[in-house]
Amino acid sequence: MGRLRKVISFGIVLVLATALLTGCNNRTQSRTSDKIKIGVTVYDQYDTFMSQLVQCFTDLVPDDVEVVVYNASQSQQTQNSQVKKMIEEGCDVLCVNLVDRTDPTAVIDAARKNDIPIVFFNRELVEGDIGRWDKLFYVGADAIESGVMEGELAAEKCRKDENVDRNGDGVIQYVVLEGEAGHQDAIVRTEQSVETLINKGIEVDKLGYAIANWNRAQAQTKVAQFIEDYGKSVELILSNNDDMALGAIDAYEAAQIDREDWPAIFGIDGTDVGLEAVRDDKMCGTVYNDKEGQALAMYRLSLILAKGGSIDELEDEYEVSGGKYVRLPYSKVTASNIYDYLAR
Ligand code: GAL
């Protein structure tokens, strides 16, 4: 499906959801048909990876299933109200991308009171919370795997390309661009990518780090500052996601630094724009966060739960851990396999 059509159809779903916001306030009254109804709330629709993941999800939904999508706009309070609305609107199952992964109480309590199962996705709640009710599940990926793969990609690049160590001191001067403080993917990716690099025998020297909240513009500002502070001496940038890696590229382009003087830049996600940057040799590699696979697992699980079934029904196709978690594998993307991913 063309990107424009994707954006438009996501827009339509959101408009539909907004219209429904003014709907009735009683669960049985507001039910308009016998269709299964899935309610989705996403922490921020302008997050590149999340908007693509939600788009994959809505693309899967056939005409005889209804889906409403709400944007929580980074407010847990807004999301709590949306959950109540979706329950009143007659949703049979909820897919929740928590704003604050440490604060799911209101969401869980509302769903439990009305016996509506929840598939949390992408922003992982803590074990104590998911254990609070037997109708709470999580679909996502293993953050450790993504950090390890990013570290492996960077280690291979450092070993094979002597130009990475531009000053020839045998040590790689690097910076890390981190996602939101407290997000499982930010914490673990930062830790694991650097640890893997070191375990692979690369000698490193950390020049700095910056929290840029998954955001391209914020990353550009932070990297512009690194350029001011360190000039051309940054040799490697490990970014927790593609959008921040792209912000770093924007900063080098804005500073009119020649391509051969850029650091090696790595991201995670394999968003459309991220993959294009790998194809165009601006980013050295990324780690594919399988949005298609996650969307499909969320959709399958939602349907099963809406019909009163059990997560066990997924066991033939997925590894289900602890009766609650489905995690899709990551994979590495470089110039050598980029066209396989661009074709997805
Ligand atoms: C991560 C993803 C980031 C951002 C974040 C939002 O998995 O890599 O780009 O979308 O989720 O929770």
Side-chain angles (χ1 to χ4, degrees), residues 10 40-57 69 71-76 79 95-104 107 119-126 138-151 153 176-193 210-220 237-249 265-275 277-278 283 285-295 297-298 325-333 341:
F10 186 27
V40 180
T41 162
V42 55
Y43 93 102
D44 178 1
Q45 79 168 97
Y46 295 106
D47 176 299
T48 308
F49 175 73
M50 290 318 302
S51 76
Q52 290 192 4
L53 169 56
V54 172
Q55 184 64 56
C56 290
F57 184 83
V69 181
N71 174 22
S73 306
Q74 302 211 17
S75 158
Q76 189 56 58
Q79 186 163 66
C95 294
V96 178
N97 177 225
L98 282 168
V99 176
D100 182 347
R101 58 185 280 267
T102 65
D103 187 18
V107 169
V119 178
F120 290 99
F121 64 104
N122 168 265
R123 297 161 76 89
E124 188 171 339
L125 63 175
V126 297
Y138 179 74
V139 172
D142 174 9
I144 295 181
E145 188 183 33
S146 57
V148 168
M149 284 186 175
E150 188 178 39
L153 284 173
V176 181
L177 295 176
E178 298 188 15
E180 290 162 88
H183 190 301
Q184 83 278 350
D185 288 341
I187 301 165
V188 174
R189 286 173 183 172
T190 297
E191 201 177 87
Q192 294 295 320
S193 57
I211 295 178
N213 297 305
W214 309 119
N215 182 280
R216 182 168 180 161
Q218 288 184 35
Q220 177 174 355
I237 296 184
L238 294 170
S239 171
N240 285 173
N241 80 341
D242 282 357
D243 256 21
M244 296 188 295
L246 290 161
I249 291 167
I265 300 173
F266 290 89
I268 294 177
D269 276 344
T271 55
D272 293 344
V273 268
L275 293 176
V278 174
M283 197 152 87
T286 186
V287 176
Y288 200 74
N289 197 355
D290 183 5
K291 55 188 183 306
E292 291 84 2
Q294 291 167 34
M298 276 166 63
Y325 296 90
V326 178
R327 296 184 202 276
L328 279 290
Y330 285 96
S331 51
K332 294 182 205 169
V333 187
Y341 286 86

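Counting starts at 1 for both ligands and their atoms, following the listed order.
For ligand 1, the polar-atom distance check finds an N/O of Asn241 within less than 3.5 Å of one of the ligand's N/O atoms. Taking only nitrogen or oxygen atoms, main chain and side chain alike, Glu180 does not reach within less than 3.5 Å of ligand 1. The shortest N or O to N or O distance between Asn240 and ligand 1 is not below 3.5 Å. Considering backbone and side-chain atoms together, Arg189 places an N or O closer than 3.5 Å to an N or O of ligand 1. Here's the thing with His183: one of its N/O atoms is less than 3.5 angstrom from an N/O atom of ligand 1.
With no hydrogens or angles considered, a side-chain donor-acceptor pair links Gln79 and Gln76 at under 3.5 Å.
Here the OH-CZ distance, from Tyr330 to Arg189, works out to 4.0 Å after rounding to the nearest 0.5 Å. Here the straight-line distance linking atom OG of Ser146 with atom NZ of Lys332 works out to 12.5 Å at 0.5 Å rounding.
Of the candidates His183, Arg327, Arg101, Arg327 is the only one forming a side chain to side chain donor-acceptor pair (under 3.5 Å) with Glu124.
Residue-ligand proximity, Asp185 to ligand 1, at heavy-atom distances under 4.0 Å covers atoms 1 (C), 7 (O), 11 (O).
The option with the heavy atom closest to atom 4 (C) of ligand 1, from among Asp47, Asp269, Asn122, is Asp47.
Heavy atoms of Asp243 found under 4.0 angstrom from ligand 1: none, in either backbone or side chain. For Glu124, no heavy-atom contact with ligand 1 is shorter than 4.0 Å.
Between Phe266 and Leu153 the shortest side-chain heavy-atom distance falls below 4.5 Å. Residues Asn122 and Phe49 meet the side-chain proximity criterion, which asks for heavy atoms closer than 4.5 Å.
Ile268 does not count as a contact of ligand 1, since none of its heavy atoms falls under 4.0 Å from the ligand. Put simply, no part of Gln294 is less than 4.0 Å from ligand 1, judged by heavy atoms.
No donor-acceptor distance shorter than 3.5 angstrom exists from the side chain of Asp44 to the backbone of Ser73, with no hydrogens or angles considered. Put simply, the side chain of Asp242 gets close to the backbone of Thr271: a donor and an acceptor are under 3.5 Å apart.
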